[in-house]
Amino acid sequence: MSNVRVRFAPSPTGAPHVGNIRTALFGYLWAKHTGPSGKFILRIEDTDQAREVENGLELILESLRFLGLTWDEGPDVGGAYGPYEQSKRLPLYQAHAAQLIAQGDAYHCYCTAERLEQMRAEQKAQGKPSRYDGACRQLSADERAAHERAGDARVVRLAVPRDGVTTLPDFIHGDLTIANKEVDDQVLLKSDGFPTYHLAVVVDDHLMQISHVMRGDDWIPSFPKHVLLYRAFGWDIPPHGHLPNVLGPDKKKLSKRHGATSVLQFRDDGYLPEAMFNFLARLGWSLDDKNELFTREDLIQVFALDKIEHAPATFDHAKLDWLNGYYIRQLPADELAARLTPFFERAQLRADAATLRALAPLVQERLKKLTEAVAQADFLFGADPEYDPQLLIGKGLDAAAALAALRAAAATLEKYPALADEEKIEAELRAAALNLGQKNAQFFNALRVAVTGKTVSLPLMGSIRLLGYEKTMRRIARAMLLLDGK
RNA sequence: GCCGCAUUCGUCUAGUGGACCAGGACGCCGCCCUCUCAAGGCGGAGACCAGGGGUUCGAAUCCCCUAUGCGGCACCA
């Protein structure tokens with residue numbers, strides 16, 4: 001196979017959501033699967049000035065970087081086929097549009113927005129599909145000259161054949177066919193001199209020698225325009241694959257309506273890139289019935305185009321959470337601590353590196369998302385926690401028994417102010433429980449609530465070690481006081 | 001409305017004419033482990049393969065029709 005070159009071509013209209021990024025991921029995987037010669041290219045389709053967002057480009061770059069979807073060519077890194085922002089390639093499109101007009105494959109249209117609007121309203125009223133009526137397609141030379149003399153604004157439209165059908169082989173769906181009469185005389189070049197998607201994508205994919213076009217299957221209805229353009233220019237059509245969309249829980253195409261859908265939001269919500277990468281790859285693609293967990297390297301190695309699903313896939317948050325938890329558990333403790341750092345900073349908890357490093361093993365198998373560590377560890381920071389004293393009294397115990405448990409626990413801990421030998425302390429605490437005739441669960445519950453203020457907490461011994469001897473003893477004493485009144 | 005794409009457990013999916021009274025994963029339920037919660041182990045429920053016609057000795061797998069869902073119908077991508 002000659003060199004594979006796949007492009008991801010978003011427009012800078014906001015933070016890319018996971019559906020778009022999944023398209024980027026598949027392109028990346030396919031390019032990298034073919035080895036070092038496979039290139040992943042980033043091209044920015046900024047041809048609509050109206051919809052542009054100021055930091056749109058940055059958001060795209062950041063999203064791709066988060067997932068490690070490194071591009072070989074793009075607006076920031078350059079490449080042999082630049083520029084990679086369509087707004088910087090305007091003369092190219094204009095020249096190609098001129099060529100089409102010269103060949104008779106496109107024509108100037110002088111219709112005003114008002115006329116088009118009225119035309120569509122009429123078509124709609126008659127229950128007809130809204131399509132450009134071709135008014136300017138058969139303008140005489142004189143009429144054109146008149147419009148030009150008057151300085152009327154003009155666009156360039158594609159002259160779509162009235163009959164026949166257009167077929168595109170698609171490596172996901174098989175042959176796709178649409179009758180030409182269903183295809184609009186699409187605008188190729190807008191009156192502001194910018195191209196529309198249709199012209200730009202074909203010109204750029206060809207000029208940039210894109211080997212495989214991969215895009216969402218919401219593009220299927222407009223492929224005839226692209227095929228027609230390739231033919232008009234006399235260019236080979238690269239293999240196309242229309243990826244099924246990613247759906248929200250309501251089965252509708254994923255969008256902002258579905259809540260946090262941008263990759264950056266997932267990052268901020270505490271999802272690992274490893275997990276997102278794995279999860280997104282499995283949405284609409286699978287290897288077989290055995291493998292679920294894939295690293296980036298695995299995926300690059302086994303990714304195959306013919307395994308891409310035909311039907312849209314629903315984004316399953318629960319499964320993502322499971323995967324994220326799995327990858328969190330795989331992290332070395334140092335690494336987990338490092339990844340946790342920004343979340344504690346954001347929560348404004350003064351957790352130094354050593355504390356986080358010691359905390360990591362405790363929270364590790366209890367996290368689905370990194371953000372959750374903050375709530376699990378918050379008892380370590382700030383003032384002694386407030387709680388309902390009733391919580392100190394475990395199931396089947398009374399206040400006196402809980403008090404006895406705390407007294408025994410304090411007596412044990414007092415012997416180990418350095419909290420050095422955890423196992424030994426724990427053994428002694430168990431012995432104390434036995435001695436009091438309490439179940440471990442009952443005994444430790446009292447201690448747990450006293451120390452953490454919660455009935456559900458991180459492992460007790462580790463929590464005590466992190467809290468420190470002083471604070472622990474103070475909280476136990478306080479708990480005993482609370483119990484005294486009962 | 002017109003055109004197109006799709007249709008296997010709740011979800012992601014395996015399955016390309018016989019090995020499928022349909023396999024795995026997430027989720028769910030139960031048990032074990034256990035200082036709580038998790039994690040882990042074990043087990044369970046859960047899909048008559050959208051429906052109906054064909055083709056075939058034989059169909060989840062091939063063909064047709066219907067239904068449903070989704071997508072597109074801009075000087076937006």
Side-chain angles (χ1 to χ4, degrees), chain A residues 9-13 20 45-48 50-51 109 111-113 116-117 120 123-124 126-132 153-157 170 172-173 176-179 181-184 186-198 200-201 215-223 242 244-245 247 249 251-253 279 282-293 307 309-323 325-326 329 363-368 376 394 426 429-430 433 439-449 452 454-461:
Chain A
S11 49
T13 52
N20 297 136
E45 311 231 323
D46 54 349
T47 54
D48 185 359
R51 292 206 318 157
C109 169
C111 291
T112 61
L116 293 175
E117 207 171 299
R120 283 192 198 104
Q123 288 168 334
K124 196 175 176 187
Q126 295 172 225
K128 291 206 247 172
S130 91
R131 218 101 71 194
Y132 180 61
R154 64 180 198 189
V155 301
V156 174
R157 281 183 190 275
D170 181 294
I172 293 171
H173 296 281
L176 258 20
T177 299
I178 290 181
K181 64 171 162 42
E182 304 297 339
V183 184
D184 205 0
Q186 190 54 239
V187 169
L188 300 176
L189 202 64
K190 304 183 239 184
S191 54
D192 62 3
F194 277 64
T196 59
Y197 170 83
H198 309 284
V201 75
R215 65 193 357 165
D217 71 9
D218 38 345
W219 283 111
I220 289 179
S222 47
F223 80 77
H242 289 89
N245 279 127
L247 274 24
K251 300 287 180 192
K252 294 228 196 315
K253 199 168 78 161
F279 178 74
R282 282 286 289 99
L283 255 196
W285 179 90
S286 73
L287 209 221
D288 53 29
D289 62 341
K290 305 209 167 25
N291 300 88
E292 201 68 48
L293 273 6
K307 293 292 215 168
E309 185 63 34
H310 297 65
T314 307
F315 192 96
D316 182 1
H317 232 106
K319 189 160 187 175
L320 205 212
D321 282 353
W322 165 72
L323 262 177
Y326 169 80
R329 273 171 257 135
V363 294
Q364 187 150 32
E365 59 191 27
R366 264 160 275 264
L367 296 178
K368 280 199 171 78
Q376 290 176 10
E426 185 175 345
L429 289 172
R430 285 170 190 280
K439 289 181 185 168
N440 287 332
Q442 296 173 318
F443 181 89
F444 283 104
N445 174 75
L447 188 53
R448 178 190 322 286
V449 173
T452 68
K454 300 179 241 189
T455 53
V456 172
S457 80
L458 298 177
L460 243 192
M461 299 314 296

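Heavy-atom basis, side chains included; hydrogens, waters and symmetry copies ignored.
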Colleague: If the threshold is 4.0 Å, N to carboxylate O, is there a salt bridge linking A/E309 and A/R282?
Modeller: no

Colleague: Over all strands shown, is A/H173 touching base, sugar-phosphate only, or nothing at heavy-atom distances under 4.0 angstrom?
Modeller: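 Sugar-phosphate, no base atom in range.
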
Colleague: Reckon A/K181 touches a base, only the sugar-phosphate, or nothing at all at heavy-atom distances under 4.0 Å?
Modeller: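 Answer is nothing: A/K181 stays at 4.0 Å or more from every strand.
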
Colleague: Looking at every strand, decide which applies to A/P10 at a 4.0 Å heavy-atom threshold: base, sugar-phosphate, or nothing.
Modeller: nothing

Colleague: Looking at A/K368, I'd like to know whether one of its side-chain N or O atoms comes within less than 4.0 Å of OP1 or OP2 on B/C26.
Modeller: no

Colleague: Any donor-acceptor pair under 3.5 Å between the side chain of A/S457 and the base of B/C37?
Modeller: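 Absent.
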
Colleague: Which nucleotide in the set B/G71, B/C35, B/A39 lies at the smallest distance from any side-chain heavy atom of A/P221?
Modeller: B/G71

Colleague: Hey, does A/E292 reach any base, or is it just sugar-phosphate, or nothing, if we go heavy atoms under 4.0 Å?
Modeller: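 Counting heavy atoms under 4.0 Å across all strands, the contact made by A/E292 includes a base.
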
Colleague: Whole Å only: how far is the CG atom of A/D316 from the P atom of B/C26?
Modeller: 11 Å

Colleague: Any idea which of B/C5, B/U11, B/U7 is nearest the A/L176 side chain?
Modeller: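 Comparing B/C5, B/U11, B/U7 against the side chain of A/L176, the answer is B/C5.
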
Colleague: When you check the phosphate oxygens OP1 and OP2 of B/A77, does a side-chain N or O of A/T47 lie under 4.0 Å from one of them?
Modeller: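 Indeed, a polar side-chain atom of A/T47 lies that close.
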
Colleague: When you get a sec, tell me which of B/C75, B/G15, B/C37 is the closest nucleotide to the side chain of A/R157?
Modeller: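 Closest nucleotide to the A/R157 side chain: B/C75.
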
Colleague: Taking all atoms of both residues into account, what is the closest heavy-atom pair of A/A313 and A/L283, and its distance?
Modeller: CB-CD2, 3.6 Å

Colleague: Both distances below 3.5 Å, Watson-Crick or wobble geometry, any strand: find the nucleotide opposite B/U36.
Modeller: none

Colleague: According to a strict under-4.0 Å criterion, is A/K190 in side-chain N/O contact with OP1 or OP2 of B/A74?
Modeller: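 Looking at the OP1 and OP2 atoms of B/A74, neither is under 4.0 Å from any side-chain N or O of A/K190.
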
Colleague: A/S191 side chain: which of B/G27, B/C75, B/C12 is closest?
Modeller: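 My answer, after comparing the listed nucleotides, is B/C75.
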
Colleague: Using both distances under 3.5 Å as the test, list the Watson-Crick or G-U wobble partner of B/A25, or none.
Modeller: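 Check on B/A25: paired to B/U11, both distances under 3.5 Å.
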
Colleague: For A/G325, answer base if it contacts any base atom (sugar-phosphate contacts may also be present), sugar-phosphate if it contacts only those atoms, and nothing otherwise; contact means non-hydrogen atoms under 4.0 Å.
Modeller: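 No contact.
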
Colleague: Considering every strand and a 4.0 Å limit on heavy-atom distances, what is the contact class for A/K251: base, sugar-phosphate, or nothing?
Modeller: sugar-phosphate

Colleague: With nearest nucleotide decided by heavy atoms, which residue, A/T455 or A/L247, maps closer to the 5′ end of RNA chain B?
Modeller: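 The residue closer to the strand's 5' end, by nearest nucleotide, is A/T455.
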
Colleague: Has the side chain of A/T314 got a donor or acceptor atom that lies under 3.5 Å from a matching backbone atom of A/K251?
Modeller: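 No: the side chain of A/T314 does not pair with the backbone of A/K251.
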
Colleague: Under a plain distance cut-off of 3.5 Å, with no hydrogens placed, do A/R51 and A/T13 share a side-chain donor-acceptor pair?
Modeller: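 Not at all, the side chains of A/T13 and A/R51 share no donor-acceptor pair under 3.5 Å.
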
Colleague: Scan A/P12 against the nucleic acid and name what it touches under 4.0 Å (heavy atoms): base, sugar-phosphate only, or nothing.
Modeller: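 If one applies the 4.0 Å heavy-atom cut-off, A/P12 turns out to touch nothing in the nucleic acid.
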
Colleague: Taking the six-membered ring of A/F443 as reference, does the cationic atom of A/R430 (NZ for Lys, CZ for Arg) lie under 6.0 Å from its centre and within 45° of its axis?
Modeller: no

Colleague: What does A/K253 touch in the nucleic acid at a heavy-atom separation under 4.0 angstrom: a base, only the sugar-phosphate, or nothing?
Modeller: sugar-phosphate

Colleague: Base, sugar-phosphate, or nothing for A/V155, non-hydrogen atoms under 4.0 angstrom?
Modeller: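 A/V155: base contact, heavy atoms under 4.0 Å.
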
Colleague: How far does the C1' atom of B/U68 sit from the matching atom of B/G52, given to the nearest Å?
Modeller: 14 Å

Colleague: Sub-3.5 Å donor-acceptor pair from the side chain of A/D170 to the main-chain atoms of A/H242, do we have one?
Modeller: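 Answer holds: yes.
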
Colleague: Between B/U7, B/C12, B/C35, which nucleotide has the shortest distance from any of its atoms to the side chain of A/H310?
Modeller: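 Of all the options, the side chain of A/H310 is nearest to B/U7.
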
Colleague: Starting at the 5' end of RNA chain B and moving along, which residue's nearest nucleotide shows up first, A/F444 or A/D217?
Modeller: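 Nearer the 5' end of the strand: A/D217.
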
Colleague: Which is true for A/N445 with a 4.0 Å heavy-atom rule: it touches a base, it touches only sugar-phosphate, or it touches nothing?
Modeller: nothing

Colleague: Checking all strands, does A/E426 fall into the base, sugar-phosphate, or nothing category for heavy-atom contacts under 4.0 angstrom?
Modeller: base

Colleague: Looking for any heavy atom pair under 4.0 Å, which part of the strands does A/K128 touch: base, sugar-phosphate only, or nothing?
Modeller: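 The answer is nothing, as A/K128 stays clear of every strand by at least 4.0 Å.
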
Colleague: Compare the minimum distances between each of B/C73, B/C35, B/A14 and the side chain of A/S130, then state the nucleotide with the smallest one.
Modeller: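 The listed nucleotide nearest to A/S130's side chain is B/C73.
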
Colleague: Can you tell which of B/A38, B/A25, B/G40 lies closest to the side chain of A/R329?
Modeller: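 Nucleotide nearest to A/R329's side chain: B/G40.
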
Colleague: Using Watson-Crick or G-U wobble geometry with both distances under 3.5 Å, which nucleotide pairs with B/U56?
Modeller: none

Colleague: What's the closest nucleotide to the side chain of A/R366 if the choices are B/C35, B/G27, B/U36?
Modeller: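 The nucleotide sitting nearest to the side chain is B/U36.
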
Colleague: Calculate, to the nearest 0.5 Å, the distance between atoms OG and OH belonging to A/S11 and A/Y197 respectively.
Modeller: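 Those atoms lie 10.0 Å apart.
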
Colleague: Which listed nucleotide (B/C76, B/A74, B/G71) is nearest to the side chain of A/D218?
Modeller: B/G71

Colleague: On a whole-Å scale, what distance lies between the C1' atoms belonging to B/A14 and B/C57?
Modeller: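 Rounded to whole Å, the distance is 27 Å.
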
Colleague: Can you tell me the pairing partner of B/C73 across any strand shown, Watson-Crick or G-U wobble, with both distances under 3.5 angstrom?
Modeller: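 In the structure as shown, B/C73 has B/G1 as its Watson-Crick or wobble partner.
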
Colleague: Does A/N245 reach the main-chain N or O of A/L247 with its side chain, forming a donor-acceptor pair under 3.5 Å?
Modeller: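 Checking the backbone N and O of A/L247 against the side chain of A/N245, no donor-acceptor pair under 3.5 Å is found.
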
Colleague: Quick check for you: among B/G71, B/C26, B/C35, whose closest atom lies nearest to any side-chain atom of A/K319?
Modeller: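 Looking only at side-chain atoms, A/K319 lies closest to B/C26.
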
Colleague: Nearest-Å distance, CG (A/D289) to P (B/A14)?
Modeller: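 Taking atom P of B/A14 as the reference, CG of A/D289 is at 9 Å.
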
Colleague: Using a cut-off of strictly less than 4.0 Å, decide whether A/R282 has a side-chain nitrogen or oxygen near OP1 or OP2 of B/A25.
Modeller: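 So the side chain of A/R282 is outside the cut-off, no N or O lying under 4.0 Å from OP1 or OP2 of B/A25.
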
Colleague: At under 4.0 Å between heavy atoms, what does A/I220 touch on the DNA or RNA strands: base, sugar-phosphate, or nothing?
Modeller: sugar-phosphate

